[in-house]
There are 2 protein chains.
Amino acid sequence: MTPETTRKRAPSRRSLATRARILDAAERVFADKGFAGATMRDIAAAAGTQVGLVHHHGHGKEDLFRQTIARRAEELARRRLDALAVCKAQGTPTLPAILDCFFGPYLNLAQGDAQWLAYARLVAHVSADPAWRDISEAHFDPTAQVFIAEIAALYPAAPRARIAAVFVYSVSAMLALVTSRWRIDALAQDGAAGTLDDLVAFCAAGLGASLT
Amino acid sequence: MTPETTRKRAPSRRSLATRARILDAAERVFADKGFAGATMRDIAAAAGTQVGLVHHHGHGKEDLFRQTIARRAEELARRRLDALAVCKAQGTPTLPAILDCFFGPYLNLAQGDAQWLAYARLVAHVSADPAWRDISEAHFDPTAQVFIAEIAALYPAAPRARIAAVFVYSVSAMLALVTSRWRIDALAQDGAAGTLDDLVAFCAAGLGASLT
DNA sequence: GTCTATATGTAGATAGAC
DNA sequence: GTCTATCTACATATAGAC
């Protein structure tokens, strides 16, 4: 074990906690205000620390933003791919089952944990902004390609470009369920709406009709 | 005609052109960078004028933003409602026909004119951000309610909240077609995709399956 | 690692000459 | 209405004491 490794693996407990608090705060603030709208001071206040510390741990605003995305991206991708693997172990998965494997981890994590909900909204920001295209390509597109390939296997005659288009429609609906519940509620006027099952039914029918 | 009215109705030709240029520039810059990411200096540069003039005509950054939305909102709403009226004149409209009346004006205007395309992307920003909830309520929700009511008439047994949810999914897919073509292209790898007909087929099938 | 103080740039907004 | 110059506030970022 080299000295460098030792130093990296044994930071004080306090520093770990502070760094995590800063990343949590950044996640929430970036989710709320977007990258440009958020300030390092907002994040410092949300984390209960000083601005200098946010710079120190974040290595600048943009780097901090990328860290918040990267921190959870792998786990989300793994959960999606694990769910798909479980499905496939039971035979050829149906279209709704495939969509459920993609939507389910995202929505269930967002529903169960406030910090994951912030991350889910952050993902929506990145997905909508071509300025973060490289982040989408690095963290989200590989998993999306796996699911697109799975759908393509069910509809061998459908052109790849059309599958990609309707997949993006489906993803945007998934993101809307997390980011636009306020709008759904405003338009619904009464009663709750917007569930994973609703979304899967909507997208499965749409995809099926578009690809056959 | 009062003197005040006369003064308001007879500004110099130059001032009209400048004001329009500023609004056009604001539309493009806000669409590109969002509200927080855009600066008055960006807008002045895009308009080929001075920062002071942007403030003068825009009455502050937020007011300028609201003006860019308000300027075209009425025309977009009118085109949608006119299309729906034409449909209804020919008998009870089908679900795809209703969706086409809502999506068509938005997508066709965006496709035919660079300035309308900027507006379409601006609409996507507002629709995604609860901070602009009041703008959505003032400019977009009334038209949305008309179309939701039209869909509800086709599916009398479906709960209103569910119709609102799937309508928001559909709108988010429509917005994605304008804002996320880069993502569709990246995932498609080859060939073009994403047309109004695709979108209508996708959403009509999804809505139909969710509401019966 | 933590915190204070500060450097440096740039934001929105305004005043006043023309 | 137009344009120059400027005010004030706050942004990111860093330096240095502890």
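We use all heavy atoms of the structure for the numbers below, so side chains are in, but hydrogens, waters and symmetry mates are not. In what follows, chains are A, B, ... by sequence order, proteins preceding strands, each numbered from 1.
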Next on the checklist: Rounded to whole Å, please give me the gap between CD in Gln50(B) and P in dT6(D).
Outcome noted: 16 Å

Next on the checklist: Could you tell me how far apart Ile43(A) (CD1) and dA11(D) (P) are, to the nearest whole angstrom?
Outcome noted: 11 Å

Checklist entry - Is any NZ, NE, NH1 or NH2 atom of the basic residue among Asp113(B) and Arg72(B) found under 4.0 Å from an Asp or Glu carboxylate oxygen of the other? => result no

Item to check | Below 4.0 Å: OP1/OP2 of dT2(D) and any side-chain N or O of Thr49(B) | outcome: no

Checklist entry - Which class fits the ring pair His56(B) and His59(B): parallel under 30°, tilted 30 to 60°, perpendicular over 60°? => result tilted

Checklist entry - Under the ring pair (Phe, Tyr, Trp, His ring centres under 6.0 Å) test, which residues partner Phe102(B), sequence neighbours left out? => result Phe147(B), Phe167(B)

Checklist entry - Sequence neighbours excluded, which residues qualify as ring pair (Phe, Tyr, Trp, His ring centres under 6.0 Å) partners of Phe65(B)? => result Phe30(B), Phe35(B), Trp132(B)

Checklist outcome for this item: side chain to side chain contact (heavy atoms under 4.5 Å, CB included) test vs Leu107(A) passes for just one of Val200(A), Leu199(A), Leu117(A), namely Leu199(A)

Next on the checklist: Given dG1(C), dG1(D), dT4(C), identify the nucleotide with an atom nearest to the side chain of His57(B).
Outcome noted: dG1(D)

Item to check | Minimum heavy-atom distance Leu177(B)-Tyr169(A), with the two atoms named | outcome: CD1-OH, 3.5 Å

Which pairs would a plain distance check flag for residues 191-198 of chain B, meaning a side-chain donor or acceptor within less than 3.5 Å of a matching protein atom at least two apart in sequence or in another chain?
residue   : atom : partner   : partner atom : Å
Thr195(B) : OG1  : Asp198(B) : N            : 3.1
Asp198(B) : OD1  : Arg162(A) : NH2          : 3.3

Next on the checklist: For Lys33(B), give me all partners under side chain to side chain donor-acceptor pair (under 3.5 Å), at least two apart in sequence or on another chain.
Outcome noted: Asp42(B)

Checklist entry - When you measure from every atom of DNA chain C, which of residues 28-39 of chain A have a heavy atom less than 4.0 Å away? => result none

Which protein N or O atoms sit under 3.5 Å from an N or O of nucleotides 13-18 of chain D?
residue : atom : partner  : partner atom : Å
dA13(D) : OP2  : Lys61(A) : N            : 2.8

